[in-house]
Structures are given as C-alpha cells and as structure tokens.
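Counting from 1, the numbers follow the sequence of the chain as shown.
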Amino acid sequence: MMSYYNEMYEGDSVRDPYARLREWVETMPDDFRQMKQAEAEALFRRIGITFAVYGEGGDPDRLIPFDMMPRVFEQAEWRRLERGIKQRARALNAFLRDVYGRGEIIRAGRIPARLVYQNEAFEKSVVGFVPPRGVYSHIIGIDLVRTAKDEFYVLEDNCRTPSGVSYMLENREIMMRMFPALFRGNRIEPVDQYPDLLRRTLESVAPAKCSDRPTCVILTPGHYNSAYYEHSFLANLMGVELVEGQDLFVDGEFCYMRTTTGPKRVDVIYRRIDDPYLDPLCFRPDSMLGIPGLMDVYRSGGVSICSAPGAGVADDKAIYTFVPEMVRFYLGEEPILNNVQTWTLWKDDDYRYVMEHLPELVVKEVHGSGGYGMLVGPKSTREEIEAFRAKIQANPSNYIAQPTLALSTCPTFVDEGIAPRHVDLRPYCLCGDRIELVPGGLTRVALREGSLVVNSSQGGGVKDTWVLSE
C-alpha cells in the first residue's frame with residue numbers, strides 16, 4: 001500500500017505553515033462551510049470563471065471546482081522552489097537559443113539530433129533568428145509535485161502558452177472576499193502584481209524597430225477557445241487590447257491593429273494560439289486565426305511574438321528527460337529541482353521494461369496534454385491496460401513512462417467534511433530582461449478520492465496557494 005505525504009501534518013502534529021488554519025478548519029460548522037462554498041461558486045459564476053470541454057455533450061462551459069482550504073508553503077520552501085524554477089527557465093531558453101542556432105548540445109552528443117530536428121514542434125522557419133534578448137519562452141509554467149517534506153519533482157515544462165494563471169489570481173481574490181480575517185491573521189505574500197510583471201516582461205522584449213513605449217496585445221483564437229476567459233481577464237488587468245487575427249494586419253515592415261481611429265502599430269503580441277495557426281503564409285494555409293505575413297515582420301525585427309514560434313520543442317515530453325543535462329551543459333550547475341524518473345520507449349531496454357511493468361507505471365503521449373492520452377496503470381482495469389499496450393506497440397516513440405508517484409495530499413473540503421486529496425503546483429515564471437515569478441501559483445487538486453489526475457478536464461479543482469512571509 002502506497003503512503004502519501006500529508007502537507008498539513010507531521011505525525012500527529014500540525015506543521016507550522018498550517019498551524020493558524022487548524023482552528024479555522026476545526027471550528028467551521030458544516031452549514032457555514034456549505035454556505036461559503038455556495039458563495040464561492042456564485043462568485044465564480046458571476047465573474048464568468050469557466051473552462052470549456054468540447055465533445056462530451058451538455059454545456060461545454062463549466063464551473064471549475066474551487067476548494068476553500070488553501071495550500072500553504074513556508075518562505076524557506078518557496079525560496080528553494082523559486083531558485084529551481086528560475087534555473088530551469090534559464091536552461092530551457094538557453095537550449096532554444098542553441099538548437100535554433102549552432103546546436104552545440106547536439107554536437108556534444110548530449111541530446112539525440114532526431115529528437116529535436118524531427119520534432120513536430122521544431123520550426124524550421126525561425127532557424128538562425130534570435131528574438132529580442134534571446135528569449136524564446138517568455139511565460140513558463142513548471143508543473144511540480146511533492147512526494148515528501150523536502151522532495152519536489154518537475155512533472156513537465158510548459159513553454160508555449162501555459163494556462164491557469166487567471167485561476168491563481170481569482171482564487172486569491174475570492175478567498176480574500178470571503179475570509180478577510182484569515183488574511184489579517186496570516187502573513188501571506190501577495191500575487192496580485194502578476195499582471196504588472198507580465199506587462200513589464202512583454203514590454204522588455206520589444207523588437208529592435210520599436211522606438212517608443214511598446215504597444216502590446218493579447219492574440220486569442222476567440223470566445224470558443226477553452227481559455228478565452230483567461231485571455232480577456234489578463235488583457236483587462238494589463239490594460240492592453242484583446243485581439244483576434246482579423247483585428248491585425250501586416251503592412252510593409254510592421255504589424256498593425258484596426259481601431260476606430262485608424263491603424264495602430266503593434267509591437268508585442270502575446271499569442272494564445274498555437275504555432276500552426278499564426279501565419280497562413282508560413283504555416284497552415286487554411287488558418288483563419290492568424291495574420292498573413294506576420295512571420296516576415298517577426299523575422300525582420302518589426303514585431304515580437306511571445307512566446308516565440310518554435311518554443312514548443314523545449315516542452316516536448318521526450319525532451320523533458322534531458323532538461324537536467326541542459327542545466328549542467330549551459331549553466332555549469334547541478335539541477336536544484338529533479339525530474340521524475342522517465343523511460344523513453346524509443347530505447348529498446350526502456351521499451352521492454354515498460355511493457356513488462358505496464359500495470360505499475362504512468363504512460364503518457366509525448367505530445368499529450370490535459371490529462372488525455374495517458375494510462376495510470378495502478379488505477380486502470382486489465383482491459384484498459386491491454387488496449388493501451390496495443391497503442392504503444394503501434395508507435396513506441398510516441399510515449400514515455402514514469403513511476404506512479406506518491407503525490408502529496410492537502411486537506412480538502414469534501415461532502416463528508418475534510419479529507420486528503422492529491423495536489424500539484426504550477427508556478428508561472430516570466431522571462432524578459434529579468435526572470436521573475438510571484439510567490440505562489442496554481443494548485444490543482446484531484447477531487448475524486450484516490451485519483452492522481454488533477455486536470456480540470458478530468459474532474460480536478462483548484463485551491464488558493466499561500467506563501468507565508470518571514
């Protein structure tokens with residue numbers, strides 16, 4: 001039987017970070033808790049905080065489950081995580097500069113060339129081009145899991161357009177509205193500076209041809225996108241325009257936005273659409289979401305795109321296994337945060353081991369996301385395991401495997417009262433002329449008893465994440 005680290009307790013004692021929450025939890029009447037839970041849901045609904053799930057029938061816009069019990073980190077715990085996240089962000093951007101340039105890490109035999117150059121996320125159209133300040137991935141979401149008091153592991157890196165930061169901000173706002181006394185009695189680091197830091201980051205990577213204060217926009221696929229609420233939310237908080245592809249056009253060396261007073265030049269595009277849809281003249285010719293000619297302007301220094309086209313090659317799950325080596329190769333340091341042990345199925349020995357131990361492992365598609373395209377062996381039926389085995393046999397290089405981790409648990413409000421549920425953490429690291437992150441992140445919680453899948457599309461919820469001041 002696997003044992004799990006409960007972040008609130010050490011033996012029978014409550015850990016220091018949670019000491020002031022103990023009385024709050026234990027003295028909260030059931031009817032008051034239910035009233036506050038209903039109040040939180042009403043606030044989420046009124047504000048419009050939903051996510052979209054398509055193809056399952058019913059209303060695609062769903063309320064994300066919110067758990068009122070916060071997750072708490074001590075300052076010392078957070079400082080270590082912050083150092084590790086910043087280190088990883090520096091290495092990932094160094095890797096991107098390298099593979100779109102001389103490819104020294106490949107020449108040195110540290111990473112197989114085919115994993116990079118034959119990767120579907122590798123964009124030949126930007127080879128040799130270096131974006132402003134050499135930053136390719138400007139917003140990096142590092143997914144972390146905890147297995148013991150001092151053991152944290154990186155589950156994956158999200159270097160393209162990591163979502164969920166709106167939940168981090170709204171979770172805090174709603175908790176402060178509902179329980180102001182909690183915040184008066186605890187020294188909690190703020191997260192509300194994130195939009196200002198994000199805008200400053202975007203402005204710091206303005207293109208070479210920008211001479212005034214940069215005009216930034218957020219490029220969205222539109223209101224049918226699952227993260228559209230977040231796109232509009234961030235645009236509003238940053239004070240920038242939310243645009244769709246049809247709102248922008250290229251003329252000569254620059255990109256412009258259509259406005260009621262005439263064209264306005266755009267300097268920085270925070271894109272929330274995938275590479276293939278950015279420019280129909282460069283990528284998918286059938287794209288109706290992008291801007292024809294955008295890539296020519298980008299490569300000539302007329303506009304910055306955040307994150308850069310091609311950044312996705314750094315967060316491929318097959319590349320993930322080499323990030324510790326990137327840290328050593330580019331930074332000359334030992335990794336502060338470790339990877340989860342990973343078997344890559346294109347290797348014969350790894351393939352044989354995984355096929356022999358499939359019921360014990362978690363297997364993921366290399367390009368999968370959202371909790372889809374994966375097998376959690378210990379939680380799967382024999383039929384599900386055998387069906388997945390056939391998928392692996394058909395295309396082994398499309399999968400990686402990892403041990404089933406003993407994800408830590410946090411106390412969570414459930415129908416019966418309070419119970420431990422598994423959690424992960426996604427802090428958001430901003431990379432521009434400096435590397436910054438707010439003290440906290442998005443804690444996702446697997447609300448189903450025993451479940452290890454925290455994704456909202458798979459029944460997961462969210463919590464406020466506290467970092468205590470010293």
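Going from atom SG of Cys306 over to atom OH of Tyr136 covers 13.0 Å, rounded to the nearest 0.5 Å. From Met238, atom CE reaches atom CG of Asp196 across 10.0 Å, with rounding to the nearest 0.5 Å. Atom CD of Gln87 and atom SG of Cys429 lie 11.5 Å apart (nearest 0.5 Å). Once rounded to the nearest 0.5 Å, the distance linking OG1 of Thr344 with CG of Asp349 reads 10.0 Å. One distance of note links SG of Cys159 with CG of Leu92; it measures 4.5 Å at 0.5 Å rounding. Taking CH2 of Trp78 as the reference point, atom OG1 of Thr465 lies at 8.5 Å (rounded to 0.5 Å).
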Exercise for review: Dump the intermediate steps for side chain to side chain donor-acceptor pair (under 3.5 Å) on Arg284 and Tyr277, then the final yes or no.
Suggested key: CA-CA 6 Å; Arg284 285 185 55 154; Tyr277 302 96; 3.1 Å; yes

Exercise for review: Check the pair Trp346 / Leu115 against side-chain contact (heavy atoms from CB on, under 4.5 Å), numbers first and verdict last.
Suggested key: CA-CA 10 Å; Trp346 49 269; Leu115 289 184; 3.6 Å; yes

Check your understanding: Do Thr161 and Arg271 pass the side-chain contact (heavy atoms from CB on, under 4.5 Å) test, and can you show the C-alpha distance, the side-chain angles, and the key distance before you say yes or no?
Key -> CA-CA 8 Å; Thr161 55; Arg271 54 81 172 240; 4.1 Å; yes

Point to revise | Verdict with reasoning, Val423 to Glu7, per side-chain contact (heavy atoms from CB on, under 4.5 Å) | key: CA-CA 10 Å; Val423 291; Glu7 296 190 9; 4.1 Å; yes

Check your understanding: Going through the checks in order, is the side chain to side chain donor-acceptor pair (under 3.5 Å) test met by Asn93 and Arg133?
Key -> CA-CA 11 Å; Asn93 270 301; Arg133 299 190 183 275; over 6 Å; no

**Study point:** Verdict with supporting geometry, Arg299 and Asp296, side-chain contact (heavy atoms from CB on, under 4.5 Å)
**Key:** CA-CA 5 Å; Arg299 287 179 297 218; Asp296 284 341; 2.9 Å; yes

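Across all non-hydrogen atoms, the minimal contact from Gly460 to Leu447 is C-CD1, 4.3 Å. Closest approach of Ser3 to Ala406, counting heavy atoms only: O-CB, 3.5 Å. Contact record, Trp24 with Met68: CH2-O, 3.7 Å, taken as the closest heavy-atom pair. When every heavy atom of Glu77 is checked against every heavy atom of Lys149, the shortest pair comes out as OE2-O, 4.4 Å. Scanning both residues, Pro324 and Tyr320, for their nearest heavy atoms gives CD-O, 4.0 Å. In terms of heavy atoms, Tyr399 sits closest to Val366 at N-CG2, 3.7 Å.
Of the possible polar contacts, one joining the Glu230 side chain to the Ser166 backbone as a donor-acceptor pair under 3.5 Å is found. Listed for the Ser307 side chain is a donor-acceptor partner under 3.5 Å among the backbone atoms of His138. Here the side chain of Ser304 pairs a donor or acceptor atom with the backbone of Val205 at under 3.5 angstrom. Panel note: side chain Asn186, backbone Ile188; no donor-acceptor pair is recorded below 3.5 Å. Put simply, the side chain of Ser451 never gets that close to the backbone of Ala446: no donor and acceptor are under 3.5 Å apart. Counting only distance, with no hydrogens or angles, the side chain of Arg272 and the backbone of His231 share no donor-acceptor pair below 3.5 Å. Remark: side-chain polar atoms of Asn236 are not paired, donor with acceptor, to backbone N or O of Ser232 under 3.5 angstrom. For the pair Asp424 (side chain) and Val145 (backbone), a donor-acceptor distance under 3.5 Å is absent. The closest donor-acceptor contact from the side chain of Tyr428 to the backbone of Val165 lies under 3.5 Å. Asp279 places a side-chain N or O within donor-acceptor distance of the main-chain N or O of Met295, the cut-off being under 3.5 Å.
Of the options Phe122, Phe95, Phe129, a ring pair (Phe, Tyr, Trp, His ring centres under 6.0 Å) to Tyr100 is made by Phe122 and by none of the others. None of Asp274, Asp275, Asp315 except one satisfies the side chain to side chain donor-acceptor pair (under 3.5 Å) rule with Arg160; the exception is Asp315. Between Met69 and the options Thr412, Val25, Val414, Asp464, a side-chain contact (heavy atoms from CB on, under 4.5 Å) holds for only Val25.
The shortest side-chain heavy-atom distance between Asp67 and Thr443 does not fall under the 4.5 Å cut-off. In this structure the side chain of Arg421 never reaches within 4.5 angstrom of the side chain of Thr409, judged on heavy atoms. Residues Leu21 and Leu182 have side chains in contact (heavy-atom distance under 4.5 Å, counting atoms from C-beta outward). Two residues are said to be in side-chain contact when any heavy atoms from C-beta on lie closer than 4.5 Å; Arg146 and Arg71 meet this criterion. Counting only heavy atoms from C-beta outward, the side chains of Met374 and Gln402 never approach each other to under 4.5 Å. The shortest side-chain heavy-atom distance between Arg352 and Asp348 falls under the 4.5 Å cut-off. You'll find the side chain of Met8 stays beyond 4.5 Å of the side chain of Pro420, heavy atoms only. Residues Arg426 and Asp143 are in side-chain contact: their nearest non-hydrogen atoms beyond the backbone lie under 4.5 Å apart.
Taking 4.0 Å as the cut-off between side-chain N and carboxylate O, Arg328 and Glu333 do not count as a salt-bridged pair. Using a 4.0 Å cut-off between charged side-chain N and carboxylate O, Glu386 and Arg389 make a salt bridge. Using a 4.0 Å cut-off between charged nitrogen and carboxylate oxygen, Arg200 and Asp433 count as a salt-bridge pair. We find that Arg199 and Glu203 are joined by a salt bridge, their nearest charged nitrogen and carboxylate oxygen being less than 4.0 Å apart. We find that Asp150 and Arg80 are not joined by a salt bridge, their nearest charged nitrogen and carboxylate oxygen being 4.0 Å or further apart. Between Glu82 and Lys86 there is a salt bridge, since a side-chain N of the basic residue sits under 4.0 Å from a carboxylate O of the acidic one.
Within 6.0 Å of CZ in Arg107 there are more than 12 heavy atoms belonging to other residues, nucleotides or ligands. For Glu449, the CD atom sits in a loose shell: 12 or fewer heavy atoms of surrounding residues, nucleotides or ligands are nearer than 6.0 Å.
By the 30° and 60° cut-offs, the orientation of the rings of Trp343 relative to Tyr353 is parallel.
For Trp466 and Phe183, the ring centers are positioned less than 6.0 Å apart.
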